[in-house]
Each structure stands twice: as C-alpha cells, then as structure tokens.
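A quick write-up on the structure given underneath.
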There are 2 protein chains.
Amino acid sequence: MADVKRVYDFNEGDASMKYVLGGKGANLAEMTRLGLPVPPGFTITCQACVEYYESGSRFPEGLDAEIDAHVATLEETMGKRLGDDADPLLVSVRSGAPFSMPGMMDTILNLGLNDTSVQGLIKQTDNPRFAWDSYRRFIQMFSKVVLGAEGDLFENALVAMKQQRGVRNDTELSAEDLERLVGQYKELVAEHVSPEEFPELADGGTVAFPQDVAVQLRLAIEAVFKSWMNKRAIDYRRLYKLQDDLGTAVNVQTMVFGNKGDTSGTGVAFTRNPADGTNEYYGDFLTNAQGEDVVAGIRNTQPIAELPQVLPEAGEELWGVFETLEKHYRDMCDIEFTIEQGKLWMLQTRIGKRTARAALKIAVDMVDEDLITREEAVMRIDPDQLDQLLHPQFDADASYDVLTKGLNASPGAAVGEVVFTADDAERLTEEGRKVILVRWETTPDDLHGMIAAQGILTSHGGKTSHAAVVARGMGKPAVCGAEALKIDAANKVVRVAGTDIELREGDMLSIDGTTGNVVLGAVELIEPTPSGEFATILEWADEFRTMGVRANADTPDDAERGRELGAAGIGLCRTEHMFLGDRKSIVQDMILAEDDATRERALDKLLEVQREDFVGIFKAMDGLPVTVRLLDPPLHEFLDDPRELEIEIVKAEAEGRDMAEKRALLAQIDSMKEANPMLGLRGCRLGIMFPEIYGMQVRAITEAACQLKKEGADPRPEIMIPLVSVVAELETLRAESEQIVADVQAEEGCDFEIPIGTMIELPRAAVTADEVAGAADFFSFGTNDLTQTTFGFSRDDIEGKFLPRYLSRKILPRNPFETVDAGVAKLVEMGCTLGRQTNPKLKLGVCGEHGGDPESVKVFYGIGLDYVSCSPFRVPLARLAAAQAALAETAQGSDNR
Amino acid sequence: MADVKRVYDFNEGDASMKYVLGGKGANLAEMTRLGLPVPPGFTITCQACVEYYESGSRFPEGLDAEIDAHVATLEETMGKRLGDDADPLLVSVRSGAPFSMPGMMDTILNLGLNDTSVQGLIKQTDNPRFAWDSYRRFIQMFSKVVLGAEGDLFENALVAMKQQRGVRNDTELSAEDLERLVGQYKELVAEHVSPEEFPELADGGTVAFPQDVAVQLRLAIEAVFKSWMNKRAIDYRRLYKLQDDLGTAVNVQTMVFGNKGDTSGTGVAFTRNPADGTNEYYGDFLTNAQGEDVVAGIRNTQPIAELPQVLPEAGEELWGVFETLEKHYRDMCDIEFTIEQGKLWMLQTRIGKRTARAALKIAVDMVDEDLITREEAVMRIDPDQLDQLLHPQFDADASYDVLTKGLNASPGAAVGEVVFTADDAERLTEEGRKVILVRWETTPDDLHGMIAAQGILTSHGGKTSHAAVVARGMGKPAVCGAEALKIDAANKVVRVAGTDIELREGDMLSIDGTTGNVVLGAVELIEPTPSGEFATILEWADEFRTMGVRANADTPDDAERGRELGAAGIGLCRTEHMFLGDRKSIVQDMILAEDDATRERALDKLLEVQREDFVGIFKAMDGLPVTVRLLDPPLHEFLDDPRELEIEIVKAEAEGRDMAEKRALLAQIDSMKEANPMLGLRGCRLGIMFPEIYGMQVRAITEAACQLKKEGADPRPEIMIPLVSVVAELETLRAESEQIVADVQAEEGCDFEIPIGTMIELPRAAVTADEVAGAADFFSFGTNDLTQTTFGFSRDDIEGKFLPRYLSRKILPRNPFETVDAGVAKLVEMGCTLGRQTNPKLKLGVCGEHGGDPESVKVFYGIGLDYVSCSPFRVPLARLAAAQAALAETAQGSDNR
C-alpha cells in the first residue's frame, strides 16, 4: 500500500480540501457531507497528478491498487459492477483543479460501456436505442480525448449514417443504426490510432477499442492528468496568473442520465444573477439532454425559473438545494444538476463566477442580509474585475441603428473590425488594430483570440455558454446567441437574416455587452458611471485601508477624474506632456537656441503656459497634494527625427535644392543624438546641464500656487526631481529650486512650504537611499524605470521581442512591467528602509504603473509605502487592493494570536 | 585665547603632523627636531584655512592674536623685529598642504620690508643695491599674489628702466635705479588695485602699498589661504584625486638670502636620482640666486654634484644632511636649500617624487641596504605609476633622424601633432586627435593641456622644472630644455636652430622622454620591457597578496602578454571580437538568414574559426583557467547602419536605379533596430532567442579543449553566460550548454569538467544573487555594465556630455567608469554575500575595467573577491594593488591588537 492517501471517497473529504481534491472534488465531498443528492464516486488527488509529471508521465506506485479498492467500494455501494452484463456501473471521469478552469480540461462520460455491458444497460433500461447511443457517444469521446483521434472522423460517420437513413436529427436514428455506428467507430479507431502510442491496446497491427473496463478507467484517468498540460490549459493559467505546478484532481463518479426521456433533464444554474447580481435564480435547463448539450449551446435552453412548471418535484427540491448551498457557502453558487427520471442529482457546485457589477451587488446585498461582514464583502471583490465597470459604454447621445440583438452576455461596449478566427484576432491585434471576434460559438481553442479581441460576438449559445463565461471572467464585452447572424466562417462573411447586409472581414462593428445590441460601424464610446454598490464597497474599503491612493494626472481633466474616483491627490504630474502639441515649436526654439536671449524668450513663453497648466491642476486638486515632476525625457524627443530629416535633405538635394539651413539643423539635432537615450541626458541631468529649464518650471509652479493662494484657494504643490542617482544631484537642484521658490514668494508676498523630493528610479538611488533621504522630503518610487534599469530591459525594445518568449519559456513568471518583480521590490524595500533610517519623516510612495496593479499594491503595502499613485481609472482598484492588503494582514495577525 | 591651537613654532611639531601643519611645515619641524639648520619660523595650521572657508572667508576668532604671539617669539629668537629701521626681520610666507602640490600655490618672499625697514636692511648688509632690489621684488610679488595686480605691469616697468639705463640685465641696475623703481611700483599699485577690494589699504581714492608689516603679514597669510581654491590647485587635486577639504597650512619663516654674492646660492636636490633611482646626488644649484630662479628654469643651472667644488664647506655639510635625512626618513628625499654667505640653510624637505622606474629601483635598493622591509618596499610603489613603465617606446628597429635632443625629463615615448597652447591641446584631444604640447616652459596654468597631451616638449628648464616634475608625476613622456627649438608661440611656429626646418601647428612630431630625442614625423612605437626591479617588486607583491589576478584577453597574443605580465588565467575572453574583421560577413549571413539551412551553413563556418581561436587561447593559457563569455552585444552591431544604408538607397533611387533588394535588406535591419540597444536583445537574451548561436560557441569551446587534451595539453575553459537578470535564464542556458558539452565529449571520447558561471552585471542579478548562485559555479562581476545600469548612465552618451560637468560641479567625486563607485560596490558586495550563502564554493571575480584600477582593486579585496581580471597591461598594477590591500589589512590588524 502507498504511504500517501491518493484517492478519497466523496464521503471522506470536505470543501476545505480543494488543493487535495480540486475544487470540484472538494465541493462534491462537501455536498455529500451536507446530505445533498450526489451520485457516489471518488476523487484522485492533485498530488497524484503532480507525481505523475514528476516521475516522467508514470502513475505513482500504489495508485492503481488504491483506485481498484475505491472502485470495489463504489461497486458495493451502488450494487453494480463496471462492465457487468446484467446491471453495469457507468461512471464519468472528470478533471477538477484547485481553481476553476471552465471548459479547459477534458471529460469522459459513460465509461464502463463495452460490448458486454451495453447488453446489461439494455436489460436495465429496456431501451436499446439509449444504450447504443450511450456506447456510441462513449467511444467517440474516449477516442478523441484519450486516444487522440480526430473528432471529425466520428462526426462524419454520424452525418453519413443520417444521410444514409435519410434523417436530420441524431434522435431519429434507430438502435440498429447506432449499433452499426458503434461497429464503424471501432473500425475508425483501428484505422487511425497508432499502436505504438497505445501498446496496451495493440491487437495485431492495429488498436482495438478497449473492452477491459479497468483499462478504460486507467487510460481515462491518465488523459485527465495529461489535459493539465495541454495548450488551452496553459494559456488559461497564464491569463489568470495561475500556478502550473498544482496539478488537477480526477473525479470518478457514478453516471446519471438526463437523457432518459421527458422526465429527465439537465441544467446549469446560479443561485443569483451572475451578470448583474440580482437575487434571483438564474440559468438554463434542457429536458431529455446530457450536460454538455446545455453548455455547448447546441439546443436552445429554457430559463431555470421555468423548471418547477416542467418538473415540479425536482424543481422544488432544487430551490431547497439553492438555499442550503447559499447559507452554507455564504456566497452565490454555481451548480450543475441532472434529473434522471424525475430524481434530482447534484453533479457540481462551486462559488459562482460573476461580473464585477454582480460581485458588488451580491457582496453589498449579503451584508444587508447579514450573511457576511463588510470586511468579507471587501475581500470578495477582485480588484482586477472592477476594471470592467470602468470600461467604455456606447455614448448615450450617439445615434445608431441596431443591426441585431443578442444576449447581453458580458457587460461593456467595444468597437473593432470583424474577424472570424482566433488567429486572425491575435495577428491583427499585434499589428495594433482593434477587432471583434465573430464566431458561431467559441471553444477553448479560441482563447488566444478572445484575449486579443476588444469584444466577442456569437450567433449561438446562452449566457452560460463558453463565450459568455470566459468573456465575463476577462471583463471583456460579449454579445452571445445573436441568432440573426448567419456566419460563413470559411468564406469570411456574415449575412444578417431579414436584411441584405453582408459583413466581411475588416468591416467596423460595435457591440454592447450590457444590452446585447450589435451595431454596424463604430459607435462613439463613453466612460461608464459606476453603480451605487461600487461606491459602497469602495467606501468600506477606504475604512479598512491605511495606504493612500493618488492619481497620475497631467491635465486638469485627468486630475478631476482622479479626484472623482477617490484619489487623495496627484502622485505624479508629468510636465513633459505640457511641452507637446502646439507648444512643441516653442520647446524646439528653446533647445536649438544659439544664444541666451533666444533661449530666454522661448523659456518666457513656456513659463506663461506652464503656469496656466499648474493653475488648472492645482484648482482641480484644491487642498490635496500635487507632486509635479520636473522635465524628464531626453530633449531630443522634442526634435525632428534626424534620419527622416536627412532623407528629406538628400531627396531635395538630388533635385538641386539648397538645403544648407536644414543641414545645419540636422547637425545640431545629430549632436544631441544618443545611443541609449534611456540612459542618457535626461531627468535631473537636464536640470544640472540646463538650470534655466528647471528654473522656469519651479517658477511656474510657485507663481501658480501664489496666484491661487491669493484667490483664497489651497494649492499644495510638491516638487519632484526625477532620475537622481547620487544625492549631490538632489542637493544641487534642491538648493537652486529653494532659491527660486523663495524669490517668487518674496515677489508675490506669499509664504508657504513647497516640499521637494525625488523619484527613486535608479538602483543606485535605492541602495544609497540613506544618503538621498538627507536631501528629500519624500521619495516616489518610479518602478517603470527602476524595472528597466534593475533588469537592464528597455521596455520599448523587449515587449515585442524576447519578453513573449521569456513568458512562454517561463523564464519570467509574468511581465515585470505589469506586476512588480521580486528583485525590483527588494530594491524598493531597501530604498524605504534606508531612507527612513536617515529621515523618519520621509513620505514614501510609488508612481509607476505598478501603482494600479492590485498584486503590486499588496507588495507595496507589505513594504510599508505611504501611498500608491496610478492612472485615474485604476484608482478604485488600488483603493480596493490596499484595503484587502490591510485586511489580510489583520486576519493573519489574528491567526497568529 | 583660542581653544584650538592654530599656530605652531617649528620646534613644536614633527613629521607626523602633516595633516595639521601641511607637508612642508611638518618636515620643517622634523628637520628642526633633528638639529638641521632650518631658519626659524612658525606654521599656521591647515584647520585654520578650513575654518577660514567655513566662516565665509574670515579669519577664525583668536587667530590674529596667536599669530602676533608667534611673531613676537620669532622676533625674540632672531633678535630682530619686523619693520625695524636698524636690523629688520624679513620672512617668507609659503603655502604647505598635507600633500605636495608643486608650484600649485603662491609664495611671498622678503615680507617685512617697507620704507623704514629697507633702511635697516641697508645698514645691516651695507648693500643698498641688494636692499632696494629685495624691496622691489617684494612689492612686485606681493602686488601680484596678494593684491591681484597684473605681473606684467611691474615687469614692463623693470624693462623700461633697463632700456632707460641702457642695460641688459637686472643686475646692472644701480641702487638708485631700483629705489626709483620702488617708487614707480607703488604708483602702479595705486593706479591698478581697487580700493573697494582692499578697504584697509585705501588712502584717499586709491590703494597705498601697505607700510604696516602686520598688515603685510595678515594679507599674505590670507592670500595663501585663498590660493587653496584657485583654478590651478583645484585642477591638480582633481588630477590626483585629492580631497578639496583639507586646506593648506601657511609657513612663516625667517628669510635667508642666496643672492648675497658669490658665496651665496640656492638649489633643489634629491638624495637619489628621481628619474632612474640611481643612488647618487641629483639636482641643480645656482650661485647668487633666489630659489625661484632654479625652479623657473630662467638661468641654466649647475649639477648639484659640483657644489663642493664651488662651495666646499656648505657642500660637505649638505652631503651630511642628505645622509641624515635618508636614514631618518628611510626614503629618498627632495630638498630645497639656500646658502647665505657660505652658511647652509635647509628650507624644505619631503619624500621625493620619482618616476616608476626610480621608485622600483629605490625600493629594491633600500631593501638590499636593510633600510626598509620588503613589505614596505611593496607598499611604497604607487600602482598607478607602474603604468608608465608599460608605456610605449620608440621601436628599436625604426629608422629616424633625430631633429634635436633635450633633457630626458620623463620616460616613455609619444607621437602627436604639434600644438602651442594648453587650450589647443585640450580642444584637439577632445576631437580625438593626439597632440604634443610644445612650450618654452610650462606653468601651472598649462596643467589642463599637459593632461590632454600625449607628451610635453619644452625648450627651457631642467629636470626639476615644472614640466619635468609634473610630467613624471603623470607618467607622461616629456623632453625638456631642448634649446635648439626657437619657439614663436604667437605665430605658432618653431624654428630649429642650425636647420631651415620650421614646425607648425598640426605637424607630426615624436618625442622620447627616456632619451631626450625629438623626431620629425611619427615614429613607430613599441611596448616596453620592464626592469629587473619591476619583476622583483611584483614577485614580492605576489608573496603578500591573496587575491588572484587574471587578464582580459580575446586573442592568443593578448593571452600570452597577460601571462607574461603575471596573469593567472583569463577572467574575460570576449567572443564578439572573434565575430569581426573578415568574419563579419559570415556573421551577417547568419543573422540575416531567411531559412535554417542558410543559418546553419554560416554557423558551421563560424564554428570552425571559433574553434581555432579557442585552441590558440587555451594553448597560450595552458594549465590556467580561461573564462569564455558567450556572445554579448546586440546582433545589429554586426550589421550596416540603417540610416547610412537608407541615404545610399535614396541617392541611388534619385538616379533612377532599382534598389529593391537593398530596400529589403534595410527593412530587415530596421526590424532589428533598438531604441536602447544597451538594454535590448543582447547577452544571454540572444542565447535564449537564438539557441543555435550559443550552441555553436559551446561546441567550439568544447571541441577546442578536447583537441588539446588529446594532444596532452591542459586546457581549462570556463563558460560564462552574460547579462543574466533572473536565475531561470542561467538555468536554461546552463542545461543547454551542459548537453552540448556532454555530446561533444561523448563524440570526442573526452571527459573533463567545464565550469559554467555568469556575469553579474545587472542590479537584479546582484540583489537576487542567492537565487542565481544556485545555478552558477562562478560569478564574474561585470562592473562596466553594472555601473551603467546602477546609475542609469550610458557610458557612450555621458562621458562627453554631462560627466565633465558632474565632475567639475563635484556631483560625482570621480568618473565611476574609472574607479568603482560606492553604490555599485554595495551591489557587488550584496552579490557576493548572497551568492556565497547559497553556494559556499562559488568563485567570485570581477572583469570590468575596474579590475585594473588600483583603488577599485582595494575595494574588491575588501569585499572579498577571489580575483580581479583586467587588460594585460594593467595586470602588474592589479598584482601590486592587491598585495598592498592585503598588507594594509594586516597592518590594520596589528594596530588593533
């Protein structure tokens, strides 16, 4: 016997064991424990799967024996035997990872059927057609999933049989037809499956479909293990940042049949509405069908609310189960059930996925219902999901004709070009275009296209179809089941029923996943207005969080938006954006000035416009701090591209024109060219080399603040010096800035403090932060640049080049520009610790893009930063993530007590 | 009275007090203590100078009173009074910093003369001419140095007087002439010195030359304080990396006169030959002259060895002093003396500056003479100085005509264009040209030009002239006193006496500072062969040092040279150089290959040539480790410049030619262009993206080693992966490399270990070195790149741009690419500590250019590296610096006991 228990009966586990039994297995055990009607079965642990991979795709020793023992117990419980010719036990074999991966992994139904037991099934059901259909389905599924045969082979044989019999539907085929089909299927296996790959099935020179039920079971279990590492599963885990090394459990469960006539059925449901959170039963069912028929969207389903009208007893029982589950799990649940000849069976439950809107409403409602606490409510919202609430919507004022309407499957609106395949979606998006992926229905194979597309539009499938579930999870707009669309994917054309409109690849299309509307052409999109629950949850979050959240904003508009979304100031006001647009020519005059007088004239003009910028921003953030970063990028970014200019000159010269003046300009621009501008004359180095530029900016800031002070307002500017590597840079520029602040305040008759601090965005500044802190009132970690220099990665150069390869080869677990890297975090931590050693009053923040990434926010909370600053739309996410970090710490604190 | 003692009589101090009394003051005190004939006086401390600057250029409180007290004591000792009308005391006022700064700072002689005391001097000397000449000189010197008047004003008046009197030499002027000159000089002061600047001297609307001797003294002392911060002094300290905050002491000493007739004289001498180290008296003297006449090279001097023939008594006494000083200081001394009417006076002594060659010989000789220990001998050699021994010399096989010959003032040969001013030297050098600075004689104002030039050539001055002393210190070739050269600096032309040759700016010239030869045109230079003492000292150094020294070498020649110079292996063998020259086209084929077959063909060709490279290098380093770095630079470095290519295309197209093929090439090259190549696709990232390139290199290394093994040799290759930021890169490439090594060894039937390690050259690798060390046999810190990323400095972009400004504004104490920066060192230290935590056997080295910088070598020793690696010519320096670091630690250890 094995030392480790690798197989658990459903009555041996509970919901807490999801890392052992997988989510599905743990919840089946929990439902069994609760006394709910669950078909008996057992679960093979995730660890067994991990061991399988560790030992080079071999079953760990002892596993086979343990499975045999549990099969024996199951046979005893059910009073049936696998492969029996009188009353055979049939089982399903399903994957179940520690976290939900909808549709990502493979499932085998009706296992246990063979030439002998099919007769037993006939005897038991007195329904040869059902028995042969089950056997036929089993061979098809097993051959595809376990033996790796092309699914089309079997589908084609089925179609051929229907043609031969002159019928349209599968159901019209007779028991004899299906029996003949079983024979054909076995031949297909012999022809198309390689005996080298399955030596245990070799029979002469070909493969025989396995009649030994123990072999069936073993191969099916192994197939589930293998599915853990298929491309779809790996892609899915990458998208959701899930670990690859957890493994999947395998659930072996007694089969029940929803396709045994009109008192049978199957369905998928949620205890509340997962789209908007309304407290109502939600989902679909089909009578006389097996589970996959519902999910695959092949037949149109009935709303779950109608179940009691069709099957009153089972319906009533299901409502009771819903109540039990919600009370027990204290959350909205997602369930699968089957009704076999009137008897309800629960096949699965789990905490239901939901849109952000629904998550907020459910959390707030459950607090009102005294089911959960405010803290729990806050912890339950995934900050990343909030993003979808801030997604664009159709402009209410836009006028457009609705082409057709589908199901409002995932909220938010999107505009893009029509594409018909996931590959096209990916390719065009890489080219920088925006696309809408238009499919009959999506499958897990389409995942990469769904990730790439702006939105998804399908002509088939309901709100629990693959497209709907996945899109909601991604926070991506989706319209599903738009039946008017007649999609001819092969010819890349969509005809719209009832019109003569034809959509072709590249046509512009707009979809609204909140209403289900589909519109030809590009509709103007507007920013959303979040719900009341959004505000409530964030209010609660603000109660619990201790870390501040500011916005990165360069304009009065951005500042206002940031403030509306809860920013307590501006953590990064970039001034280089103020040097662009119609001001670029003034900036060029300044840079290229050949004498001081010309440069001063240009600077005077800039002073005026910069002052106006600051007045607007300080007004918008009245009473709150605004950290203004002095000019950062290399000056030559404001000049013409020298290569283009030279080409222009060469062409003109070829025509005999005199380009001496342009040549002089070119020489000047060339003299400013840098091999690595990222590491060149920029940031505070500009301030040291051209004191007049920073001087102008400091003057503009101070003058703007003085002006507002005199008007009775409360401007709170802070001056931030970028790209400091040694403290002497900061000391020098601080002294120069303080002088100008003092001068302006004397001129204006004002007197107020303007804190001066620095970005910490170079490793040297971080490791010598004890020195730097001596000259700084605050540090703001610029984690974008810090990531670039810590890794030696130029973001511009790597993201399209080796970073994708690094992610796919797992050299990096994630894009370090999205989620702060551990090495970079270590430098941030050093910077904080050393900085506070010298200056205990030092204010510490972060203003890289990581400030809006929930995972990074938690890291920064752990390091002990005072605030994060991020783009206005990420402010709510950061507020929530900061609250969760604080609550998690409190929880951990109490755990330790 | 002051709390702090700020003035010391010469009999109150000793040689150990150089940071208090300055070098000159401490040594004057020491000589006084030894009973040598030193004119009495006192020293104002360096701290007083520092306080002067700290309090905004004001004398610290109590200093005046302390000076007065010491003047009173001095007057008592001498039995004379300053300003006395019968027997006046005259003093010199000289600077004296803690370290020698020859000619850098100002001196005032004959202080104490005024209209009254000049009469007293006449009475005492019975020599009115001498008295008026002394007064005249004093006014001239004081007015220039203290009052800031133009020296030319006085020189012109002197010349005018000589013309008026129809005489050629100063000595032909009579007492009356000189008295009249004194009157004229006073008028010049009144006319040209601003009373606002010297309010204490204001008399009506003009300045009166001060008659109050106390005022003279106070102003002279302040002038010395001020000279500490003049441009020459600051430039000198920058060159020698000396601190700015030490301040200078001021020595006030009783005047003695070498210009009191033929039994008087003055000289400068060394106790041994400072050029080659020979144990002989060395130096020059002049009879009837004051000290500055010798140093300034105005009159031609007599060799010191002839002194006993001229002044036997003083000569004999001086030889005695030499012996006393050498025994006492246990080192070669540099002295200044004056003989006043037959009586010898010692004005200064210090440890003498010397060439590297002399330093080595003196150190080895003194060990032989039992004067010092081997440890002391090793500690006495400045590693930086060794460099000059490795400087080029004229090729012995080159044939050339000697244009003229001067003094062999500073060894080594140089070739460059003639320039006539220091500014021109600096400007042309910045343009990348090599120059020889040709001057009548240099002055401290020429320092920046001397730093810039390849070599220095003067027509006047001896071996102790300014040009000679400074050039030797810099290790820069110099030929001095080449009297045949008639230099017309104003018209930028040199006529060569006895020929009709004229040299003009830009003409190519060669000088040999070892022989004194000056040659027209460029002579071929060859590398030097160091002396026996060189080998002896380095042998001793090797006994004491514990840290290894390897060479950076990419070719068999470099490897051999490194081995000759004592390298214990190669720490960095760059392979990219093997991709250049005639191989570049193969590399281009490889990069631009459109299919695998083409790429493989190119790689096969490279494999062959790389294998040959390695065979050569491994042979040269037989039995010693050779660390081969796999390809590092961005691939596009091997391709054409896209801008140039596009210009070429545009021009050809303008002529109507079809450039489609070139356009395709351009598109391909452009697709590889990077915004910041330093941070892009290079280093191990290439290895991840193009495994076949690294694979080829690893194969070439292994095949070369196998081939040599089979020939009975002992190759010891090590494979180094560059630019690792995360351990997974190293793990991946290590696994791939190990596979290839195993494959090749199996093919070849060999079996030996090839260690695999990584460069630590990115901050992330340093801060996660605990992880990286898990996959590394060794770390080699690439401090060039580490400096770039730690600072965010692109070396290419900053060195000509803001780095000079940073150094002059003291934002950085020194160029961090020359001497390792403290912040970078901190990361190196983290890398070592973390790396050894994981892997205690980890070998740790450094292979950036810092490995050859003595100061950095000491830092690396302190961190605990196993070895440094540097360019072959720096190997001796590194050996010596490593020994000194070890000895310094031992010494410190004993001190602490």
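In what follows, chains carry the letters A, B, and so on, assigned in the order in which the sequence lines appear, proteins first and then strands, with residues in each chain numbered from 1. Because the structure is predicted, anything quoted here is derived from the model rather than measured.
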Among [options], which residue has the highest count of heavy-atom pairs closer than 4.5 Å to chain A?
options                                : value
B/Pro677, B/Ala654, B/Gly792, B/Ala822 : B/Gly792
B/Ala765, B/Ala728, B/Pro763, B/Ser725 : B/Pro763
B/Glu761, B/Met830, B/Met689           : B/Met689
B/Asp670, B/Ile649, B/Leu723, B/Thr787 : B/Asp670
B/Val727, B/Thr732, B/Thr768           : B/Thr732

Supply the atom-to-atom distance A/Arg764 CZ to B/Thr789 OG1, rounded to the nearest 0.5 angstrom. 12.5 Å
Any chance you could measure B/Ile811, atom CD1, to A/Leu730, atom CG, to the nearest 0.5 Å? 10.5 Å
Assess whether atom CG of A/Asp245 is packed by more than 12 heavy atoms of other residues, nucleotides or ligands within 6.0 Å. yes
Take A/Val726 and B/Phe791, measure what side-chain contact (heavy atoms from CB on, under 4.5 Å) needs, and give me the verdict at the end. CA-CA 8 Å; A/Val726 292; B/Phe791 272 95; 3.8 Å; yes
Under 4.5 Å from a heavy atom of chain B, the part of [X] involved:
X        : answer
A/Arg685 : both
A/Arg682 : neither
A/Leu827 : side chain
A/Lys810 : backbone
A/Leu812 : side chain
A/Asp785 : neither

Could you give me the CA-CA distance, side-chain angles and deciding distance for B/Ile647 and A/Ile647, then say whether side-chain contact (heavy atoms from CB on, under 4.5 Å) is met? CA-CA 6 Å; B/Ile647 302 289; A/Ile647 302 291; 3.8 Å; yes
Taking A/Val824, A/Val724, A/Leu762 one by one, which has the highest count of heavy-atom pairs under 4.5 Å against chain B? A/Leu762
Chain B contacts, top residue of A/Pro642, A/Gly683, A/Gly680 (heavy-atom pairs, under 4.5 Å): A/Pro642
Select one option (side chain, backbone, both, neither) describing which atoms of B/Arg643 are under 4.5 Å from chain A's heavy atoms. both
When every non-hydrogen atom of B/Ile688 is compared with those of A/Arg805, the smallest separation belongs to O-NH1, 3.3 Å
Partner of A/Val650 by side chain to side chain contact (heavy atoms under 4.5 Å, CB included), out of B/Glu646, B/Glu648, B/Lys651: B/Lys651
Does the pair B/Glu771/A/Lys826 count as a salt bridge with the N-to-O cut at 4.0 Å? no
Is it the case that the side chain of B/Asn676 and the backbone of A/Ser794 share a donor-acceptor pair, with hydrogens and angles ignored and the cut-off at 3.5 Å? no
